[in-house]
Amino acid sequence: MPKEKKDSKDKAAKREGMRSAWRFYGYLFRYKKIFLPSLLALFLTAALSLAFPFLMGALIGEGNSNNTGWLAPILDSRHYTVLALFSVLAVQAAVAYWRIRGFVTSGERALADARHDLFRHLVTLPVGYFNEHRAGELSNRISSDLGMIRDMLLTTVPQFVRHTVILIGGLIAIFLLSTKLALFTLGVLPVVILLVAIFGRKIRGLSREAQDELAAANVVIEETVQGISSVKSFANEVFEIERHKKSLDGFVDSTLKAGRARAFFVSFIIFVLFGAIATVAWFGSGMVESGSLTPDAFSTFILYAIFVGASMGSLPDVFGQLSKGIGATQRLRELLDERPERMNVDENEPLIGRIDVKNLGFAYPSRPESTILDGINFEVRPGQRVAFVGSSGAGKSTLFQLMQGFYEADQGEIAYDGRAIMDLPLKGLRQQISIVPQEVLLFGGSILDNIRYGRPGASEDEIRDAARKANAHEFIESFPEGYETTVGPRGVKLSGGQRQRIAIARAILADPRILLLDEATSALDSQSEKLVQEALERLMVGRTTLIIAHRLATVRDCDQIHVLQNGKIVESGTHEGLMNDSELGVYQLLVRTQML
Ligand code: ADP
């Protein structure tokens with residue numbers, strides 16, 4: 001890339017970064033009543049710390065000088081000087097206490113607001129976004145980036161203000177004390193500053209790399225833990241350990257590289273900066289000898305010079321932290337800028353349950369070149385039962401995803417009650433569609449809460465009633481804690497059939513017009529199967545139902561069966577119709593080979 005172009009790109013990125021940082025400061029300004037006084041206090045304590053070298057200088061040089069001006073009475077007596085010193089320290093200490101409390105209070109509240117907004121935004125994003133971003137990566141990113149922003153708000157910004165105030169104040173002080181000596185001191189500084197800036201940039205780049213590597217290593221841990229049973233059943237522990245080691249090695253490499261750069265940087269600062277101060281002391285003592293500088297002014301000068309040097313030495317690190325924090329705000333802003341799902345005004349018109357699908361075509365945004373659904377046409381009248389059969393990968397689940405508006409079709413349309421899905425409020429529509437999936441996900445919590453997920457706000461009686469209809473009441477009551485039994489990752493493990501009946505109870509509670517059933521491929525034991533079937537029969541009464549079917553018993557009762565192959569409907573009809581077809585079609589093959 002030509003340098004000019006890169007520079008302007010860098011500048012644009014920097015501006016963008018600052019804008020994102022401001023956006024996060026917006027959260028802080030909600031707490032301005034606490035934050036602004038704290039910020040003011042920060043300036044005050046920083047300015048007060050400049051009194052320290054002044055009074056200390058007077059104390060050290062005591063007896064050697066004749067002070068003039070209004071401070072003379074204080075500076076001329078070591079008792080008064082130390083008293084003044086203690087007064088300044090007391091004020092500083094008290095203000096610092098309130099300042100830090102204020103910063104933490106406003107900062108933590110602002111961060112909690114930001115975290116909440118991020119999550120609120122995250123759940124509005126379309127399903128496609130979550131397909132493209134791994135769960136571990138997302139949650140890691142949010143927590144590590146927010147951690148960096150916390151460091152920036154609570155540590156780096158105060159440091160930045162303190163060091164800048166001390167630097168500027170210290171520079172003014174040394175010039176007032178002796179212009180000649182100050183100029184000599186500054187003779188060395190521009191070189192240092194320049195080198196500091198170059199190094200700082202390099203270190204920043206390296207630490208960003210290290211962060212990315214660490215995130216990759218965390219993803220491995222997360223994926224392995226989540227899929228631990230697959231890992232074990234394939235005896236792939238060693239593979240995962242290797243995978244983790246590899247990404248960890250990457251992290252260690254780049255973090256060591258960053259560490260080396262930082263170490264070199266610090267030793268450089270120590271030598272050059274403090275070496276410069278030693279040179280200044282040598283030059284200054286010459287001035288004292290020749291009588292052009294008082295010993296009192298000289299000791300004060302040295303103390304200020306040390307302050308200036310220390311601040312200057314810290315600033316690059318502070319800048320590094322600041323830009324890390326700004327990088328974090330930028331990444332989170334990218335997340336906040338992701339376009340949420342279409343949110344129409346929430347009109348909740350009840351559906352009758354008619355479905356028309358016309359010429360539907362679709363490819364996943366992540367793989368636009370592979371067509372998954374191609375010219376799908378079908379219609380379902382209210383209350384009908386329609387089955388979709390076909391081999392794995394034919395596109396049945398994809399069709400269900402589109403029916404729920406998780407993705408937008410590339411071609412053709414889906415209409416409910418004659419209204420295109422694009423014109424329907426997504427939330428309202430989804431409230432009238434229930435899905436009973438193959439693999440039911442239970443949340444950590446009680447069975448009661450898990451069923452209530454179907455309709456938040458349902459009463460306990462309604463929940464029990466739904467459980468009865470779903471043939472779930474009995475097994476729930478058989479647990480010692482009944483409906484209060486904890487399920488989910490840390491609770492009681494339920495069998496596949498039991499989980500399905502919970503899902504059915506959820507759906508009964510939701511009372512939708514349209515049902516999407518994804519029949520389990522894995523066989524349940526016959527008792528459980530019977531209970532699930534019975535519950536499903538009850539659930540389906542009076543509702544339009546689409547079923548991804550794997551069992552002959554299910555399709556026999558359907559009003560219409562569509563056979564999907566490679567994203568196309570290749571045969572349609574009732575079971576009898578399709579079986580009586582003189583031509584040996586896909587359906588007949590499926591039935592004869594007992595694939596159905
Ligand atoms: P079925 O339910 O009939 O088994 P699917 O609808 O699950 O079929 O899958 C159809 C095709 O779409 C498969 O080739 C699968 O690899 C692909 N597919 C499924 N989900 C995604 C996704 N999120 N991103 C990209 N491709 C996908």
Side-chain angles (χ1 to χ4, degrees), residues 122-138 219 222-223 226-227 230 338-341 355 357 359-378 380 385-414 421 426 430 433-441 496 500 503 514-523 545-552 554-555 558 560-572 578 585-587 589-591 593-596:
L122 196 67
V123 293
T124 66
L125 296 182
V127 172
Y129 182 81
F130 296 92
N131 269 334
E132 283 158 37
H133 295 81
R134 295 193 273 196
E137 178 193 310
L138 271 179
V219 166
E222 202 138 332
E223 283 181 351
Q226 260 171 19
S230 317
E338 281 292 330
R339 209 159 59 97
E341 276 185 310
I355 303 170
V357 171
N359 194 27
L360 192 67
F362 177 71
Y364 281 99
S366 54
R367 281 162 56 198
E369 70 291 343
S370 71
T371 305
I372 306 293
L373 295 177
D374 188 8
I376 301 279
N377 285 292
F378 65 87
V380 188
R385 262 182 225 184
V386 173
F388 294 87
V389 299
S391 54
S392 159
K396 305 178 295 289
S397 313
T398 306
L399 177 64
F400 270 27
Q401 304 238 21
L402 262 69
M403 302 292 306
Q404 296 172 84
F406 286 167
Y407 295 94
E408 282 173 19
D410 299 326
Q411 171 198 314
E413 68 166 30
I414 298 173
I421 196 167
L426 271 184
R430 287 180 192 159
I433 300 179
S434 281
I435 175 148
V436 179
Q438 266 194 44
E439 257 314 306
V440 181
L441 178 76
Q500 267 176 351
I514 294 165
L515 269 180
L516 303 179
L517 300 186
D518 193 350
E519 205 169 48
T521 37
S522 52
T545 308
L546 306 189
I547 313 172
I548 296 179
H550 301 290
R551 265 184 267 286
L552 196 55
T554 313
V555 286
C558 286
Q560 186 83 2
I561 301 164
H562 298 293
V563 183
L564 243 81
Q565 209 174 31
N566 295 329
K568 288 193 171 83
I569 293 182
V570 289
E571 287 167 29
S572 298
L578 287 167
V586 181
Y587 186 78
L589 265 176
L590 282 172
V591 174
T593 52
Q594 298 194 335
M595 300 277 282
L596 201 67

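All figures in this text were calculated on a predicted structure; none of them were measured in a lab. Numbering of ligands and ligand atoms starts at 1, following listing order.
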### Atoms in ligand 1 flagged as close to Ser366, the criterion being non-hydrogen separation under 4.0 Å
24 (N), 25 (C)
#### Entry: Nearest heavy atoms of Ala363 and Ser370, plus distance in Å
CB-O, 3.4 Å
### atom 5 (P) of ligand 1: nearest protein contact (heavy atom, Å)
Thr398 OG1, 3.6 Å
### CA sep, side-chain torsions, deciding dist, call: Asn359, Gln411, side-chain contact (heavy atoms from CB on, under 4.5 Å)
CA-CA 7 Å; Asn359 194 27; Gln411 171 198 314; 3.2 Å; yes
## Note on the structure
Closest to atom 4 (O) of ligand 1 among protein heavy atoms sits Gly393 N, 2.6 Å
### Query
Can Tyr407 and Thr398 be counted as having a side-chain donor-acceptor contact under 3.5 angstrom?
no
### Message
Around atom CG of Asn131, are there more than 12 heavy atoms from other residues, nucleotides or ligands closer than 6.0 Å?
### Response
yes
### Task
Could you establish whether Gly390 and ligand 1 come within less than 4.0 Å of each other, counting only heavy atoms on the residue side?
no
### Summary
Closest non-hydrogen atoms of Val440 and Pro437, given as atom of the first, atom of the second and distance, are CG2-O, 3.9 Å
### Task
Check whether any protein heavy atom sits under 4.0 Å from atom 25 (C) of ligand 1.
yes
### Closest to atom 2 (O) of ligand 1 among Ser397, Ser370, Gly567, Ser392 (heavy-atom distance)
Ser397
### Query
Taking heavy atoms and a distance under 4.0 Å, where does Arg367 meet ligand 1: side chain, backbone, both or neither?
side chain
### Query
Among protein heavy atoms, which lies nearest atom 8 (O) of ligand 1, and at what distance?
Gly395 N, 3.2 Å
### Query
Considering only heavy atoms of Lys396, which atoms of ligand 1 have at least one such atom less than 4.0 Å away?
1 (P), 2 (O), 3 (O), 4 (O), 6 (O), 8 (O)
### Query
Heavy-atom distance to atom 21 (C) of ligand 1: which of Phe388, Phe406, Phe400, Tyr364 wins?
Tyr364
### Summary
Heavy-atom closest pair (Phe400 atom, Leu517 atom, distance to 0.1 Å) is CE2-O, 3.5 Å
### Query
What atoms of ligand 1 come closer than 4.0 angstrom to any heavy atom of Ala394?
1 (P), 3 (O), 8 (O)
### Task
Quick one: look up the protein heavy atom nearest atom 23 (N) of ligand 1 and list residue, atom name and how far away it is.
Asn131 ND2, 3.0 Å
### Query
Is Ile372 in polar range of ligand 1, meaning some N or O pair under 3.5 Å apart?
no
### Message
Against Lys396, only a single residue in Asp518, Leu373, Leu546, Leu564 fulfils side chain to side chain contact (heavy atoms under 4.5 Å, CB included); can you say which?
### Response
Leu564
### Summary
What one should report as the nearest heavy-atom pair of His562 and Ser572 is ND1-OG, 2.8 Å
### Task
From the options Asn377, Leu399, Asp374, Asp410, select the one residue that forms a side chain to side chain contact (heavy atoms under 4.5 Å, CB included) with Leu360.
Leu399
